[in-house]
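Remember, it's a predicted structure, so these values are computed and weren't measured experimentally.
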Amino acid sequence: MEHKLNIYNTLSRKKELFVPIHEKNVGMYVCGPTVYGDAHLGHARPAITFDLLFRYLKHLGYKVRYVRNITDVGHLENDADSGEDKIAKKARLEQLEPMEVVQYYLNRYQKTMEELNVLPPSIEPHASGHIIEQIEFVKKIKDAGFAYESKGSVYFDVEKYNKEHNYGKLSGRNIDDLLETTRELDGQEEKRKSFDFALWKKASSEHIMKWPSPWSEGFPGWHLECSAMGTKYLGEEFDIHGGGMDLVFPHHECEIAQSTAALGKETVKYWMHNNMITINGQKMGKSLGNFITLDEFFEGTHSSLEKAYSPMTIRFFVLQAQYRSTVDFSNEALQASEKGLQRLLEGYERLQKLTASASSTVDVKGLRERCEKAMQDDLNSPIAISHLFDAVTSINTISAGSATINEEDLLELKEVFSLFIEDILGLQAELETQNSTNDAYKSAIDLLLQIRQDAKTNKDWATSDKIRNELAALGFEIKDGKDNVEWNLK
RNA sequence: GGUUCCUUGGCCGAGUGGCUAGGCACCGGUCUGCAAAACCGUCUACGGCGGUUCGAAUCCGCCAGGAACCUCCA
C-alpha cells in the first residue's frame, strides 16, 4: 500500500507513519456512546473524526473493520448511592426496562449519525451482549495474577502490574501521584490500593442489571467491555484505537493494563484521540449540563441557538478544525461554516455544468496531491478544505466566463471534487427527493424564471422584479449568471 | 495540589525557523436596468517579557490568562 499517512499516536506523543499490522487490512476500534440520553455536539466530534479516518483508509485501499461499541451497561455513577449504573438509573426514572432505554436512545443515535452522513461501523457490539467474554477476560487477568477477589468483586492490581509493565504510559501519569490524587469511591475499602479499579462488581440486591459470574451476581467493571470486545473482533493485536481525549485516563489507560495483563502483549498500535468541543470555553458535557443535543441543532430548538443548523453544517463545522484542536461552539462560527459550506457545494454544482475549452487558463495540477498531502498529515481536513476553496474560485471564474478549462483538467477537477467532497469528507448537498412532483416543481420555477427573462429582454422591469421579489419572499434565492440563472430554495 | 495542553487579525481556524493558508464579516471596485451571486482588491495577526539565531508565530526560559484529565464523560 503506497501512501504516507501519518497519524498522531497518543502513546508516543508524535506523528507516526501508519503501518498496519496486516498489509491490506486495518482493524479500528472507537469508543462509542453510552446510550442513556440523546447525542450532543460533543458526540459528533469522534463520530465524524473517525468516520473521516475510516473513509480515508478505505480510499487508500485498505479493507477496514471498524468496531464502535455501544455502552449499555457497566458505567458506575459516582454520585449514585449504591453504585447503580447509568442505564439502570435512567430506566427506573422513566419506568422502562433497561433494554428499552438502550434501544430507544440507540435508535435515535443511529438516526442522528446517518443524518451527519457518518458511515455505520462494520460492527456495533453491545457491552450487555458480551458479558461472557468479559467474564472470560477477568479470568485471564486473574490467572495471570494481576487481579484479586474481594467480597464478591474483582479488582485489578495496579501496583503489581506496574512492577512489570508501565501503568500510566498512555496518560503520562505515575503511580505515586495517583495515590495522592485518587478520590474516594464506593467500595474503596475493598480495594488494596485506591487506584485499583474494578473488573467485576458484586451487585446490591436492588441493582437491576446483573449477571451470574464465578465471583458473584454482578456486573462488569468500567473499562472491561472495550478490552473484551476489541480483542474479540479485531484480534489480540490491532491497529487503531480511538476515542475522545477525556477517555485517555482512566478508561484507555485501564484498557491497556487489562489487555496487557490478560494477553501478555500490547494490543493497540496507534492510539488516537479527538479533542473536545467547548461552549463558552468549557467542555460540553453531560455532567456540566451545558450540552446542546444534535437534534436541537437540527431543529434550532435550544435557547442558545439563533437558528437551526443542518447536519451538513455541523459536519463541516467539525471538519474545519483539525481533530486534535479544541473547537469552541458559537452561533457566529456555525453561521460562517454554513456559508462556507454553501460556497463549496455551489462550486461543486457549478463544476458539473462547466464546458471544456481548447486550453486551460486555470491551474488544476497538483490539487489532488495537495489535498492528499493534507489528509496524510494527521487528517488535516481544514487544509484540504482550503485547497478545495481555492479550486472553487477557479470554478467560479470559469463559470463567469473569465477563464477557461480544457477537457483533461475538467475531468481531473471533477474527479478530485467528487473524491474529496463526497467520498472522503462525506459532505453532500441536502438530499433532494427524486420524484415526478419534484421534477414538475422544478420545471414550474424554471418557467417562472423564463418569463422573467423574457420580461428583462423587453425591459419590463416591473414584471421581472415582481417575479424575483415574490420568489425571494417564498424563500427562493435567484442568482443571475452571465448567460444563465441559478436558483435554490433556502 | 499533580499531570498534560492551549493563547494567531472583528470572528472561526491552519501553520513548527525564512516564501507570512482558507472561510465568515467589513470596506472599496468590476459586472448588473437595479439588486443578489460571482470576480478583483484593501485591512494582515501571532498573550507579555527576555533569550538562542543572520533570521522566530514557529526553538528555550520566565510571567499572565485559559482548558482537559486526576470521578462517569466523546
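- Residue A:H273 is out of contact with every strand shown, counting any heavy-atom pair closer than 4.0 Å.
- Among the heavy atoms of the strands, none lies under 4.0 Å from A:E486.
- In this pair, A:F389 does not lay its aromatic ring on the base of B:G23; centres under 5.5 Å and planes under 30 degrees do not both hold.
- Each of A:V67, A:L234, A:N69 was checked for a side-chain contact (heavy atoms from CB on, under 4.5 Å) with A:I123, and the lone residue meeting it is A:V67.
- Applying the 4.0 Å criterion to OP1 and OP2 of B:A14, one finds that A:S325 has a side-chain N or O inside that range.
- Residue A:K479 places none of its side-chain N or O atoms closer than 4.0 Å to OP1 or OP2 of B:A38.
- Put simply, A:N396 has no side-chain N or O that comes within less than 4.0 Å of OP1 or OP2 on B:A37.
- Remark: of the listed residues A:E338, A:E332, A:E296, A:E338 is the sole one forming a salt bridge (charged side-chain N to carboxylate O under 4.0 Å, His left out) with A:K307.
- To the nearest angstrom, C1' of B:C72 lies 13 Å from CZ of A:F219.
- Side-chain contact annotation: A:N117 with A:R315, donor-acceptor N/O pair under 3.5 Å absent.
- For B:C19 and B:A56, the C1' atoms lie 15 Å apart once the distance is rounded to whole Å.
- Regarding contacts with the backbone of B:A14, every side-chain N or O of A:R324 stays at 4.0 angstrom or more from both OP1 and OP2.
- The nearest whole Å value for the distance from the CG atom in A:D378 to the P atom in B:A14 is 12 Å.
- Annotation: B:U58 and B:G48 have their P atoms spaced 10 Å apart (nearest Å).
- With both ends at atom C1', the span from B:C24 to B:C63 equals 34 Å, rounded to whole Å.
- The P atoms of B:C39 and B:G50 are separated by 44 Å, rounded to the nearest whole Å.
- B:A35 atom C1' lies 9 Å from atom CZ of A:R452, rounded to whole Å.
- Taking atom P on both nucleotides, B:G18 is separated from B:G13 by 24 Å, rounded to a whole Å.
- Within the 4.0 Å cut-off from OP1 or OP2 of B:C69, at least one side-chain nitrogen or oxygen of A:K283 is found.
- Note on A:G285: nothing from the nucleic acid sits closer than 4.0 angstrom, heavy atoms only.
- With hydrogens and angles ignored, no donor-acceptor pair under 3.5 angstrom links the side chain of A:N275 to the base of B:A68.
- Across all strands shown, A:T326 has heavy atoms under 4.0 Å from sugar-phosphate atoms exclusively, and none from any base.
- Straight-line distance from the CZ atom of A:R315 to the P atom of B:A74: 19 Å, rounded to whole Å.
- Comparing B:U44 with B:C5, their P atoms are spaced 34 Å from each other, to the whole Å.
- With hydrogens and angles ignored, no donor-acceptor pair under 3.5 angstrom links the side chain of A:D390 to the base of B:G22.
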